[in-house]
Engineer: 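My questions will all concern the structure given below.
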Amino acid sequence: MRDHTGSNERYEIRITGHLASRWAAAFEGMTLAPHADGTTVLSGLIIDQSALHALLRRLGDLGLPILSVRTVEEDDRT
Amino acid sequence: MVGPLLSSKYRLPVRRAGAIPRQRLTDRLDAAIRGPLTVVSAPAGFGKTTLISNWLGPAARKGTRVAWLSLDQRDNDPALFWTYLVTAMRAAVPELGDAALPLFASPAASTGAALAALLNEIETLPHDLVLALDDYHVIESSEVHAGMTFVLEHQPPQLHLILITRVDPALPLAQLRARGQLVELRANQLRFTSEEAANYLNDSMDLRLSDDDVAALEGRTEGWIAALQLAALSLRGRTDVSAFIAGFAGDDQYIVDYLAEEVLSRQPADVRDFLLDTSILERLTGPLCDAVTGRRAGKAMLVALERANLFLVPLDDQRRWYRYHHLFADVLQAHLLDERPYAISQLHRRASDWFEANDDTLSAISHALAGGDTGRAADLMELAMPRMRRERREADLARWMRALPDDLVRTRPVLAVAFVGALAQGAKFDTIAERLDQVEALVRSADGTWPEHPPAHVVVADQAHYRSLPAHVAMYRAALALASGDLDGTIAYARQALSLAPPEDPLARAAAGALAGLASWSTGDLAGAYAAYTESVVGLTSAGFRADVLGCTITLGDIQRTQGQLGAAMRTYRQALEASAHGAEPLRGTADMQVGLAGVLLERDDLAGARECLAISQQLGEANGLPQNAYRWRVVSARLRAAEGHLDGALALLDEAERVYDGDFSPDVAPVAATRARLWIHRGELGLAHQWAQQRQLSPDDSPCYLREYEHLTLARLLIAEYRRNGRDVDAALGLLHRLLDAAADGGRVASLIEALLLQAIALSIAGSAPAALASLHRAVTLAEPEGYVRLFTDEGSTLAALLKALRRQQSAPGYVNRLIAATTTIAIPIGSAQPLVEPLSERELEVLRLLGGDLGGPEIARHLSVSLNTVRTHTKSIYAKLGTTSRRAAVHRARELDLIPGSG
């Protein structure tokens with residue numbers, strides 16, 4: 001059974017703009033992947049909903065427009 | 001305060017040079033300010049603060065007072081939030097908040113009462129008041145949101161709110177929007193138009209860009225002001241302007257990053273280091289920067305940075321405190337984290353040291369935690385704990401508890417027990433036992449003794465509190481026992497705590513005394529309870545907790561009254577009032593003392609005196625009452641109304657009392673529902689009273705216990721009334737009363753004893769045992785006379801009046817009995833005694849019936865009652881019907897049989 005409480009899941013968050021790799025340290029544990037369409041995908045394990053909200057809020061504080069947020073299975077990582 | 005109030009938080013931000021005029025927005029604001037609420041909601045860097053603060057500048061707002069408050073994370077503590085909010089208002093309107101501010105600061109006052117006081121004050125202002133709250137998005141506390149919602153719902157027309165926020169606030173915005181009472185400025189309105197961008201780049205920044213370059217910049221930044229500012233900084237002194245713009249416009253990189261990188265790379269190394277090092281600070285001032293960077297001339301650097309427009313925002317006119325623009329600080333921190341991650345903990349440590357040396361413990365703790373130095377944070381917390389608890393900074397405490405690892409707390413007994421205290425204060429009992437076990441296992445020696453000095457393996461920052469540790473552990477075990485209903489355990493632990501409390505810790509004595517008192521009281525040991533509460537009062541008095549002294553006094557008065565010491569209770573209330581009369585403001589709890597006095601006066605049948613005390617209590621208002629007062633005032637008022645003969649009004653007050661009931665941890669020894677059942681019995685509504693007794697699972701076979709004594713005495717009344725109505729067996733009532741009498745006598749509860757004796761006298765009299773009835777009554781009168789009880793007797797109706805008359809014949813000095821008889825015959829009748837009727841008579845009908853028993857004719861009765869003759873006839877018809885009679889004579893005769901009106905003798 002898949003856990004849908006959103007705890008310790010792998011998330012992918014797509015934002016507008018390319019984010020330099022130095023920001024990886026600021027978003028603890030997330031990897032940053034720039035895409036050719038001018039977006040960046042942040043991906044990594046997020047321990048719970050509260051951590052997810054904190055991350056989204058931090059992106060908002062930086063003025064980074066959020067395009068999508070989704071969870072991914074371990075085997076269909078992009 | 002743990003850390004001083006920062007005046008920079010409630011000062012209107014310094015007007016920024018170079019800000020362009022934004023007529024289209026200020027026009028909207030000019031219109032908006034006539035309404036209650038304006039919300040400015042957009043991400044960082046949209047010029048929200050600049051727009052509002054420039055527009056609020058004094059010249060722009062003639063005749064209107066302007067209050068400003070910049071919020072930060074800590075303002076999630078409701079006490080701190082409201083204190084700052086009122087202080088900000090006072091900076092604009094000095095006479096405001098005189099009544100409200102002490103209420104917000106008082107640990108025991110409710111926020112609702114304090115807010116109501118504040119809004120009332122605003123309502124009397126002759127001018128408008130604008131309150132702008134900046135960075136409202138940091139507020140996550142639902143308590144603060146609830147308070148703000150209360151303000152919006154009760155907003156005086158003089159008050160206009162402006163909320164500046166990055167995310168929409170958790171307030172009922174949809175409702176306000178639907179009512180047309182909300183004006184919103186959002187990112188789309190705030191972003192620079194092409195015209196504003198050109199204006200800014202070419203006029204303010206003097207960059208002389210071509211139209212195409214301006215359009216390219218505006219397009220790439222989408223009018224985001226922070227990005228345009230960074231772009232302008234990057235362009236300064238550049239010769240290849242168009243090429244730079246083209247390069248940047250064609251790049252996908254995060255715009256702020258791209259531009260900040262440009263700006264940073266063009267700074268000299270020392271400036272760049274300074275920016276990165278100080279990016280960990282929420283607020284900057286010269287000496288703090290020096291401490292963090294390890295260099296000098298921080299103040300000069302700040303001045304230079306501001307002059308160079310490097311996103312430094314001055315927080316005061318003297319240029320003492322600054323902060324970085326949020327967005328810029330984020331970029332700087334990202335650089336710091338990337339380039340020198342190892343330096344960060346040391347930077348925080350230096351900041352923490354500086355704040356500690358400058359008496360701002362909360363900031364010192366924040367930096368210790370941010371730097372990962374939990375040991376230091378724990379030391380600082382331990383030392384700050386007594387003040388934090390006193391000021392009820394529960395939100396901060398909860399955050400601290402989450403921030404520290406359990407392993408660390410486990411080695412620190414003083415801090416661990418202080419956390420237990422915070423948990424107990426918030427009634428969160430589930431982990432307390434385990435935490436106390438851990439502390440005892442850690443500290444106590446193998447032989448069970450508490451070492452005089454901390455053993456080597458434990459960490460103690462606050463040595464003075466280590467000495468109180470054994471007493472505190474016992475005290476919280478008592479609190480835990482009480483919460484689980486274990487009264488004997490409570491008393492045992494509380495006594496232990498009292499014997500362990502060191503003399504320099506009066507609060508531990510007070511708390512242990514109160515716990516022991518509460519438990520003793522609940523078991524009916526009044527003498528033990530009285531002694532324990534007195535101990536508590538002594539402790540609280542010497543610790544200066546005057547409002548809490550009044551809280552204990554309510555209980556002391558209750559105990560004395562139950563012991564049948566009306567005079568002593570009266571003195572207790574009066575002395576407490578005198579002792580609390582020294583301050584300028586009435587102390588919280590004075591309203592409760594007046595209600596106590598009213599109760600005693602009512603018992604002595606001084607209705608006018610009781611009425612006056614209740615009125616004074618009401619005038620003092622909710623804000624001067626402790627939590628129990630709302631219901632207690634209504635119960636005593638209900639008893640007064642009943643004594644005046646207004647049973648409907650009395651019942652309505654009791655219903656209200658039940659709704660607002662707050663026992664404030666005291667045992668409910670006289671439940672409101674039982675008082676209501678007494679009134680029903682009085683009115684003859686025995687069915688309702690019977691239902692109550694069933695719901696409460698009361699039985700005449702119950703063995704007496706103090707917590708149910710009042711209910712059992714009520715049940716005895718019900719049984720007697722039922723016996724009168726249908727002649728059922730009275731033995732059950734007599735048996736119950738007999739046991740109640742013995743229990744009350746054993747426990748020294750003289751008031752209960754008198755009441756039980758009166759009921760016994762009535763029951764015996766109805767059962768035909770006149771001599772035994774008189775003996776009981778004689779005992780009751782003997783006990784009641786020295787304290788001047790009257791109401792207990794008058795409430796019992798005419799059977800008792802007849803018994804008293806019989807008693808008078810036996811007595812040599814019947815002064816007191818005469819008084820009781822007079823009171824009984826003049827007052828008891830209009831109230832109506834137990835009516836054994838299917839359909840009880842109304843109060844008006846009883847009045848008419850009483851007059852029918854006299855010599856007056858119909859027209860005279862009408863004149864006497866100031867009603868028409870027809871009305872009297874209607875009442876008379878109804879009375880005949882209810883009594884099942886057809887004539888005046890028969891009706892009067894039947895009414896006398898039924899004890900509805902006094903006999904003719």
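All chains are named by letter (A, B, ...) in the order of the sequence lines, taking the proteins before the strands, and each is independently numbered beginning at 1.
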Engineer: Donor-acceptor check, side chain of T40(A) to backbone of L19(A), threshold 3.5 angstrom: yes or no?
Structural biologist: yes
Engineer: Is it true that atom CD of E282(B) has more than 12 heavy atoms of other residues, nucleotides or ligands lying nearer than 6.0 Å?
Structural biologist: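 Result for CD/E282(B): open.
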Engineer: Below 4.5 Å from any heavy atom of chain A, which atoms of D257(B) appear? Answer side chain, backbone, both or neither.
Structural biologist: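 Only the side chain of D257(B) comes within 4.5 Å of chain A.
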Engineer: Mind telling me whether Y200(B) and F192(B) have parallel, tilted or perpendicular rings, with 30° and 60° as the class edges?
Structural biologist: tilted
Engineer: Do the side chains of H326(B) and D61(A) get nearer than 4.5 Å, heavy atoms only?
Structural biologist: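 When only atoms from C-beta onward are counted, H326(B) and D61(A) do not touch, as no gap falls below 4.5 Å.
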Engineer: Quick one: what part of E140(B) sits under 4.5 Å from any heavy atom of chain A, side chain, backbone, both or neither?
Structural biologist: side chain
Engineer: Heavy-atom pairs under 4.5 Å with chain A - which of E261(B), H335(B), Q333(B) has more of them than the others?
Structural biologist: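 Highest number of heavy-atom pairs under 4.5 Å: H335(B).
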